[in-house]
Protein chains: 2
Amino acid sequence: MPTPERTSLDEIVQAGRDILESAGVAGLTMQAVADRVGVRAPSLYKRVRSRDDLLRLVVEATVRDLGAQLNATATGGDPRRDLAELARAFRAFAHAHPLGCQLIFAPKAAGASLDALAATAAPVLRATTLLAGEQHALQAARTVTAWAYGFISMELAGAFQLGGDVEDAYEFGIAHIAGALSAP
Amino acid sequence: MPTPERTSLDEIVQAGRDILESAGVAGLTMQAVADRVGVRAPSLYKRVRSRDDLLRLVVEATVRDLGAQLNATATGGDPRRDLAELARAFRAFAHAHPLGCQLIFAPKAAGASLDALAATAAPVLRATTLLAGEQHALQAARTVTAWAYGFISMELAGAFQLGGDVEDAYEFGIAHIAGALSAP
DNA sequence: ACCTGAACACCGTTCAAGT
DNA sequence: ACCTGAACACCGTTCAAGT
């Protein structure tokens, strides 16, 4: 005799994301998720293989959201301007979902969400193709993405302790990197 | 009546680093550390406040090693060349201590090891001062460091899935960023 | 077919008792 | 002064029993 479903995978993943941002990775326990979706912890294993699996799904959803955000930023104009806008959108997203973003390239989530990551890369690749040419588009995209991700990681970790305006440093990086890539 | 000391803080931290690299963050348990240094788990709390504290010490030691490595790379010549050498040394270190490096800017270790980080920054700042001038040295150093850290994080996480040579992409990044920063 | 309580293994941590 | 066994709380996970 079937029991009515009291939750869903989507609800569980969303609860995981909320708890992650409010309580940190350590606070993201199966118990906490179960409480939030109104179910007992063992029931979660009907939809999720393990806590690590849930973590992977949380990161995947975050990357999908980030991809949507990037794909929604206005592009198609000057590629340097587009690249700057994409970088700013990335940073804004990271500030809105700091914990989720910090997990994107964490050891734990490695090997996950790589399809979603590819989708995220698309608008960046479009801009770097215009900027650096077909042949160097991928390397250029990796340069920009690595810089933006590294900068945001360091910022979120509070690593910029030597003074100076962090905002300015980000704009400085955007301008110089975009400038460097447009050189033939 | 005193009992002879059967271990030391240094030994514990070193054991932590070894276990981290061989068994991952999840494998770095107090039990595993205690086994390795030949003591029972509760004894560790004589030298270390908590597991998080141990993790912080592990990261701090890693950052100190990285700083020593960077300060030991030959510099003083062409600043673009110096910056390239520093970036390569950083990557080599990261490949030798991948897990430790990935924790440097992880949420967990945040707020730790910042003094050690400053020491790490010194040789980079020296090069960027020559390259970009006193006024933009800090922003330039942040740009280079963010790029290198981001690149290495992504590489270690296996995020470069779109093909292409990763080694080449790193050299591409070095060349273009150093080039961009030398512009007035 | 999903949900639950009970149970197990494991882990971080505390503490009184040893030497 | 350091070390230990015993104990506690907490967490991930399994599973037989419920509906």
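All of these numbers come straight from a predicted model, not from anything done at the bench. Just so it is clear: chains get the letters A, B, ... in the order the sequence lines come, proteins before strands, and each one is counted from 1.
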For [X] and [N], what is the distance between atoms [atom1] and [atom2] respectively, to the nearest whole Å?
{"X": "B:L55", "N": "C:dC11", "atom1": "CG", "atom2": "P", "answer": "15 Å"}
{"X": "B:Q31", "N": "C:dG12", "atom1": "CD", "atom2": "P", "answer": "8 Å"}
{"X": "A:L9", "N": "C:dA1", "atom1": "CG", "atom2": "P", "answer": "18 Å"}
{"X": "A:R6", "N": "C:dA1", "atom1": "CZ", "atom2": "C1'", "answer": "12 Å"}
{"X": "B:K46", "N": "C:dT14", "atom1": "NZ", "atom2": "P", "answer": "12 Å"}
{"X": "B:I12", "N": "D:dC2", "atom1": "CD1", "atom2": "P", "answer": "12 Å"}
{"X": "A:E5", "N": "C:dA1", "atom1": "CD", "atom2": "P", "answer": "11 Å"}
{"X": "B:L54", "N": "C:dT13", "atom1": "CG", "atom2": "C1'", "answer": "14 Å"}

Students should find that the hydrophobic cluster of A:L125, defined by side-chain heavy atoms under 4.5 Å apart, otherwise consists of A:L138, B:L162
What's the closest nucleotide to the A:M30 side chain, out of D:dC3, D:dG12, C:dC2? D:dG12
Stepwise side chain to side chain contact (heavy atoms under 4.5 Å, CB included) check, A:L57 with A:V48: CA-CA 9 Å; A:L57 292 167; A:V48 148; 4.1 Å; yes
Quick check for you: to the nearest 0.5 Å, what is the distance between B:F90 atom CZ and B:F151 atom CZ? 12.0 Å
Could you give all pairs that pass the side-chain hydrogen bond (donor to acceptor under 3.5 Å, both in side chains) test and reach residues 137-154 of chain B, with sequence neighbours left out? none
Does any pair with a residue in residues 63-73 of chain A pass side-chain hydrogen bond (donor to acceptor under 3.5 Å, both in side chains), and if so which ones, sequence neighbours excluded? A:R17-A:D65
May I have the list of side-chain donor-acceptor pairs in residues 31-40 of chain B shorter than 3.5 Å, sequence neighbours left out?
residue	atom	partner	partner atom	Å
B:Q31	NE2	B:D35	OD1	3.1
B:R36	NH1	B:D18	OD2	3.2

Dot-bracket summary - DNA chain C, pairs being Watson-Crick or G-U whose distances fall under 3.5 Å, with | when paired to another strand: ||.|||||...|||||.||
Please evaluate the base of C:dC3 for a donor-acceptor partner in the side chain of A:T3 within a cut-off of under 3.5 Å? no
Considering residues at least two apart in sequence or located in another chain, which fulfil the side-chain hydrogen bond (donor to acceptor under 3.5 Å, both in side chains) criterion with A:S43? none
With B:E11 via side-chain hydrogen bond (donor to acceptor under 3.5 Å, both in side chains) - residues at least two apart: B:T7
Let me have the donor-acceptor pairs involving side chains of residues 78-89 of chain A, under 3.5 Å, with sequence neighbours excluded, atom names and distances please.
residue	atom	partner	partner atom	Å
A:D78	OD2	A:R81	N	3.2
A:D82	OD2	A:G76	N	2.7
A:D82	OD2	A:G77	N	3.3
A:E85	OE2	A:R88	NH1	2.9
A:R88	NE	A:E171	OE2	2.8
A:R88	NH2	A:E171	OE1	3.0

Check whether any side-chain nitrogen or oxygen of B:R49 sits under 4.0 Å from OP1 or OP2 of C:dT13, and answer yes or no. no
Selection: residues 33-45 of chain B, any non-hydrogen atom under 4.0 Å of DNA chain D: B:V39, B:R40, B:P42, B:S43
